[in-house]
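Note that ligands are numbered from 1 as they come in the structure, with each ligand's atoms numbered from 1 the same way. From a predicted model like this one, the values you see are computed outputs, not experimental measurements. Just so it is clear, the values below take in all heavy atoms, side chains as well, and ignore hydrogens, waters and symmetry mates.
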Amino acid sequence: MGENPAMSQTAPTVGFVSLGCPKALTDSELILTQLRAEGYTTSKTFEGADLVIVNTCGFIDDAVKESLDTIGEALAANGRVIVTGCLGAKGGKDTGEGGANLVRQVHPKVLAVTGPHATQEVMDAVHRHVPKPHDPFVDLVPEARADFRGVAGIKLTPRHYAYLKISEGCNHRCSFCIIPSMRGDLVSRPIGDVLNEARALFESGVKELLVISQDTSAYGVDIQYRTGFWDGQPVKTRMLELCEQLGTLAEGYGAWVRLHYVYPYPTVDHVLPLMAQGRILPYLDVPFQHAHPDVLKRMKRPASGERNLERLARWREICPEIVVRSTFIAGFPGETEAEFDYLLDFLREAQIDRAGCFAYSPVDGAAANDIPGLLPQAEREARQARFMAVAEAVSAAKLQQRVGATMQVLVDHAPALGRKGGVGRSYADAPEIDGVVRLLPPEKASKTLKVGEFTRARVVAAEGHDLVAVPI
Ligand code: SF4
């Protein structure tokens with residue numbers, strides 16, 4: 001094939017920084033893939049780039065500061081900066097001129113600001129400041145395009161695991177959260193697109209698919225669980241059907257499917273048999289946030305009327321090996337000592353395998369700021385520490401029970417083919433948020449470990465949040 005003249009010219013370079021949660025990461029992936037599809041080169045550095053895109057997070061005050069600092073660094077090092085992401089949607093102090101925007105107020109020199117999930121707006125801003133390189137060859141390669149139509153694009157995660165976003169936005173209005181005001185109401189992706197993307201990811205070597213959204217159990221609610229099509233077959237846009245299809249698909253590739261952000265509605269019970277059958281990992285990330293009914297009411301939490309202890313017992317009955325991860329908030333406004341004790345009792349009784357806890361921190365624009373009874377910061381932090389002490393005791397006892405067991409481990413890190421050991425995760429560990437399995441040198445000298453492949457391993461010890469195991 002002759003040389004493509006457009007390819008021989010130097011392509012413009014866009015520096016890219018991605019901050020924030022897995023949902024922001026998938027936005028970054030969409031933008032990066034589109035940039036590459038249009039012939040831009042991307043880089044992780046500011047210097048030498050024609051402009052820089054910063055994908056920001058605006059969830060808590062620390063994240064806001066990190067995002068604003070990064071924008072400042074990009075401006076100092078490069079000078080041409082486009083800001084996208086949750087912080088871009090955040091209002092600033094109203095100066096009386098209307099249209100107040102926090103990023104613009106702090107950094108008036110930025111070229112453009114968009115909110116989250118705005119690939120097209122970001123691309124329009126890029127085109128205005130660094131014209132699109134004309135490259136008909138690249139433009140016509142459909143696989144190079146990432147969009148909401150279900151083609152796997154550039155992934156920022158290591159090649160063997162990937163996040164699959166099934167919806168945007170949220171229909172709930174939890175009083176401590178501003179995500180709905182930034183991302184809007186729930187919009188479910190068409191099931192055919194989601195499954196196409198899943199297949200493309202498995203085809204590209206992904207061994208673990210992490211299903212994410214703001215509320216995975218609500219998938220399809222916005223479109224009345226409409227029947228869509230995939231591979232010529234009708235499939236309902238609903239969590240159960242999604243899990244069935246993903247489970248079947250993953251089986252063909254020997255891969256894992258892990259569910260995040262699942263609220264404990266009774267309908268989730270129907271997904272548990274798929275876990276018991278090994279089609280979906282027996283792992284549920286359920287953001288309980290609290291246990292006391294009055295606090296949950298003040299938080300305006302979804303599924304707060306559900307009997308969560310009974311629900312957990314039911315799940316364990318259907319699938320005894322299930323691992324439950326959750327996050328909680330300690331020191332929510334008005335939380336009494338008795339309400340906090342109730343939460344600690346719940347934690348002990350519910351036997352949550354992996355629990356994280358934030359000390360309550362007010363978020364600009366959240367309704368919870370109007371709830372009376374803000375506790376002093378020192379008290380909020382003390383409760384967080386008390387919570388974590390109980391959580392760690394529960395978790396350590398559960399990990400200890402695994403000593404002697406043989407587990408399937410997905411290898412994340414294995415220098416020198418794992419001859420001196422490596423690091424991996426079992427079904428009980430989601431990447432980046434849970435513990436790991438530290439792998440010792442394999443029992444047999446001939447056995448090697450490879451990143452992105454599975455190994456069986458015998459657990460020999462539990463240390464903190466982690467297990468230690470020998471590959472067999
Ligand atoms: S469920 Fe609540 S915490 Fe989660 S995104 Fe929706 S409003 Fe925010």
Open item on the list: Using a 4.0 Å heavy-atom cut-off, which part of Tyr263 comes near ligand 1: side chain, backbone, both, or neither?
Closed with: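 The answer is the side chain of Tyr263.
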Open item on the list: With a heavy-atom distance limit of 4.0 Å, tell me whether Cys170 approaches ligand 1 through its side chain, its backbone, both, or neither.
Closed with: side chain
Open item on the list: If only side-chain N and O atoms count, and only distance matters, is there a donor-acceptor pair under 3.5 Å linking Asn55 with Thr84?
Closed with: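 Per modelled atom types, Thr84 and Asn55 side chains form no pair under 3.5 Å.
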TODO: Please state whether the separation between atom 8 (Fe) of ligand 1 and some N/O/S atom of Cys177 is under 2.8 Å?
DONE: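 Checking atom 8 (Fe) of ligand 1 against Cys177, an N, O or S atom does fall under 2.8 Å.
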Open item on the list: Under the criterion side-chain hydrogen bond (donor to acceptor under 3.5 Å, both in side chains), I'd like the reasoning laid out for Thr70 against Ser67: C-alpha separation, chi angles, the key distance, then a yes or no.
Closed with: CA-CA 5 Å; Thr70 306; Ser67 294; over 6 Å; no
Task: Arg301: numbered ligand 1 atoms lying under 4.0 Å from its heavy atoms - done: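 Ligand 1 atoms under the 4.0 Å threshold to Arg301: 2 (Fe), 3 (S).
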Open item on the list: Which of the numbered atoms in ligand 1 are under 4.0 angstrom from any heavy atom belonging to Pro180?
Closed with: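 In order of number, 7 (S).
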TODO: Report the member of Lys300, His172, Gln214, Arg173 with the shortest heavy-atom distance to atom 5 (S) of ligand 1.
DONE: Gln214
Open item on the list: Can you tell me how far apart CG (Leu312) and CD1 (Ile352) are? Round to the nearest 0.5 Å.
Closed with: 5.5 Å
Task: Gap between atom NE2 of His290 and atom CZ of Arg301 - 0.5 Å precision - done: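 If we round to the nearest 0.5 Å, Arg301:CZ and His290:NE2 are 11.5 Å apart.
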Task: Pair Phe176 + Tyr360: ring centers closer than 6.0 Å - done: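 Between Tyr360 and Phe176, which both carry aromatic rings, the centre distance is not below 6.0 Å.
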Open item on the list: Give me the nearest non-hydrogen protein atom to atom 2 (Fe) of ligand 1 as residue plus atom name, then the distance to 0.1 Å.
Closed with: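 Ranking protein heavy atoms by distance from atom 2 (Fe) of ligand 1, first comes Cys174 SG, 2.3 Å.
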Open item on the list: So does Ser18 get a backbone contact from the side chain of Ser28, meaning a donor-acceptor N/O pair under 3.5 Å?
Closed with: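 A pair under 3.5 Å: no.
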